[in-house]
Amino acid sequence: MFDYQAAYKRNGTGSHMKTFWLTVLAIILMYAAGLLFLLVMLLPASFIDNGIIILWIFAVGFLFLLAGIFLLYPFSVGVLHYYACTYLGREFGFREAFKVFTNGRYSKVIKLGLLVLVAYVVVSFAFGLIMQFILTAVNMPLIMLAETWAQGSAPSGGQVGVIIGVVLLNFLVATLSYIPYMLIAIYVILAYMVYIDQPFIPTTDKFRIAWDVMFHSGERIWKLIFSNFLLLLMPLAVHLVFIVPAILLGIFVDGLAFPILMMAGVLIAVVAYAAAIYFMVGSITAYYFKGRSTLDQKHWQEVQG
């Protein structure tokens, strides 16, 4: 089931800790930059008490927006270089993430990001409308029952069964609704992997190659989605292992045990989530390079044939 996570782990042997901590360092730097802007935005409010502070907040906020688009976003894409180098067995350092700012690459990543943003907004809006229609249809029996009860009718056993069924159906629809967003997230990361692999090809070709890798390479996208879903559930399971004993010990033994176990559970869950997300990104990296290799072999066979 965890074929792509295993492939990334196997190919990156010896580099995982380096990649993980460089990623953590990059995230810390981005959060530090955001915190710096926040302090610069709000600090004058402590000694300036007039309308000028509003203009200052808007000005600094606008600068932060520009910095996010033109500095932090490209840098976050550059972090994916670590994962590509890890999978391919190449040497790399922290400055590898800054390749996106070199001549010829920077304009490409900005253009790719803007197109991704526009496409995401359009797709999300359309999908939101579809989900609204589906949820309205699913919950129609509840609306009808509510109207019946408003007239003074008592709920029957059959109606209670309908309520339970509708609630379960809502849970199923809500769960399934995450699948399109997971597909979108995977596709976006694949598009960025194409950029890292071939930064100078046209942007439309990046989207096309990402699509081909995702659906036409013969790799099993359902396995990637399901394995990453299970991987994301594992930290939750670890956290629950601490929550249940914490509650029982807090009730029946010692109230001090509750906060201690809960804190330990939170810390372990944070570490587990970080590891899970690391291997989720790594699995998509492995999926890309395995799929790209298959597509290249097919193309070569067609040329030879």
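The figures here come from the full heavy-atom set of this structure, side chains too, leaving out hydrogens, waters and symmetry mates.
Under a cut-off of 6.0 angstrom, the local environment of CZ in F98 is crowded, with over 12 non-hydrogen atoms contributed by other residues, nucleotides or ligands. For F58, the CZ atom sits in a loose shell: 12 or fewer heavy atoms of surrounding residues, nucleotides or ligands are nearer than 6.0 Å. More than 12 heavy atoms of other residues, nucleotides or ligands lie within 6.0 Å of CZ in F200, so this atom counts as buried by the packing criterion. Counted within 6.0 Å of OH on Y273, heavy atoms from surrounding residues, nucleotides or ligands total more than 12; the atom is thus considered enclosed. More than 12 heavy atoms of other residues, nucleotides or ligands sit less than 6.0 Å from atom CZ of F215. Other residues, nucleotides and ligands place no more than 12 heavy atoms under 6.0 Å from the OH atom of Y31.
Hydrophobic clustering places L183 together with L172 (ILVMFWY residues linked when any side-chain heavy atoms are closer than 4.5 Å, directly or through intermediates). By the criterion of side-chain heavy atoms lying less than 4.5 angstrom apart, applied directly or through intervening Ile, Leu, Val, Met, Phe, Trp or Tyr residues, Y181 is not grouped with V122; the two fall into different hydrophobic clusters. Cluster membership check: Y120 does not share its hydrophobic cluster with L129, using side-chain heavy-atom separations under 4.5 Å among Ile, Leu, Val, Met, Phe, Trp and Tyr. One hydrophobic cluster, built from ILVMFWY side chains closer than 4.5 Å, cannot hold both L114 and V121; they sit in different ones. Cluster membership check: I28 shares its hydrophobic cluster with M17, using side-chain heavy-atom separations under 4.5 Å among Ile, Leu, Val, Met, Phe, Trp and Tyr.
A salt bridge does not link R292 with D212: none of the charged nitrogens is closer than 4.0 Å to a carboxylate oxygen.
Closest non-hydrogen pair, G68 versus P74, comes out as O-CD, 4.5 Å. Here the closest non-hydrogen pair linking A26 and V79 is CB-CG2, 3.6 Å. Between G104 and S107, the shortest heavy-atom contact is O-OG, 3.9 Å. For the residue pair Q5 and S227, the shortest heavy atom distance occurs at NE2-OG, 3.1 Å. When every heavy atom of I196 is checked against every heavy atom of V77, the shortest pair comes out as CD1-O, 3.8 Å.
Aromatic ring centroids of Y82 and F20 lie 6.0 Å or more apart.
Looking at Y278 and Y8, their side chains come closer than 4.5 Å, going by heavy atoms from C-beta outward. Here the side chains of F64 and L72 are in contact, with some heavy-atom distance below 4.5 Å. Within the 4.5 Å cutoff, side-chain heavy atoms of E96 are placed close to those of C85. Between F207 and V188 there is no side-chain heavy-atom pair separated by less than 4.5 Å. At a threshold of 4.5 Å between non-hydrogen side-chain atoms, the residues D197 and Y288 count as touching. Under the 4.5 Å side-chain criterion, counting only non-hydrogen atoms from C-beta, L80 is not in contact with Y195. Side chains of M193 and V213 form no contact here, defined as non-hydrogen atoms less than 4.5 Å apart.
W56 contributes a side-chain N or O that, together with a main-chain N or O of V40, makes up a donor-acceptor pair within less than 3.5 Å. Without hydrogens or angle criteria, S293 side chain to F289 main chain gives no donor-acceptor distance under 3.5 Å. Between the side chain of Y287 and the main chain of M214, a donor-acceptor pair closer than 3.5 Å is present.
Summarising the geometry, atom CD1 belonging to I186 is positioned 4.5 Å from atom CG belonging to L224; distances are rounded to the nearest 0.5 Å. Considering OH of Y187 and CD1 of I284, their distance stands at 14.0 Å, rounded to 0.5 Å. Between F229 atom CZ and M280 atom CE the span is 10.5 Å, to the nearest 0.5 Å. Residue L295 holds its CG atom at 13.0 Å from NZ of K290, rounded to the nearest 0.5 Å. If you take OH on Y83 and OG1 on T86, they are separated by 8.0 Å, rounding to the nearest 0.5 Å. Rounding to the nearest 0.5 Å gives a distance of 14.5 Å between CD1 of I110 and CZ of R105.
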Show the numbers, then the answer: is there a side chain to side chain contact (heavy atoms under 4.5 Å, CB included) between F127 and I184? CA-CA 11 Å; F127 182 68; I184 292 172; over 6 Å; no
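Note on ring orientation: taking the six-membered ring where Trp is involved, the planes of H16 and F279 are tilted (angle from 30° to 60°). Relative orientation of the F75 and F94 rings is perpendicular, given thresholds of 30° and 60° on the angle between their planes.
Side-chain atoms of Y4 and N228 include no donor-acceptor pair closer than 3.5 Å. Side-chain contact of T294 with S217: a donor-acceptor pair under 3.5 Å is absent, judged by distance alone.
Between I201 and the choices K206, R208, K108, the side chain to side chain contact (heavy atoms under 4.5 Å, CB included) rule is met once, by K206.
Geometrically, K9 does not engage Y87 in a cation-pi contact, judged by NZ or CZ lying under 6.0 Å from the ring centre and within 45° of the ring axis.
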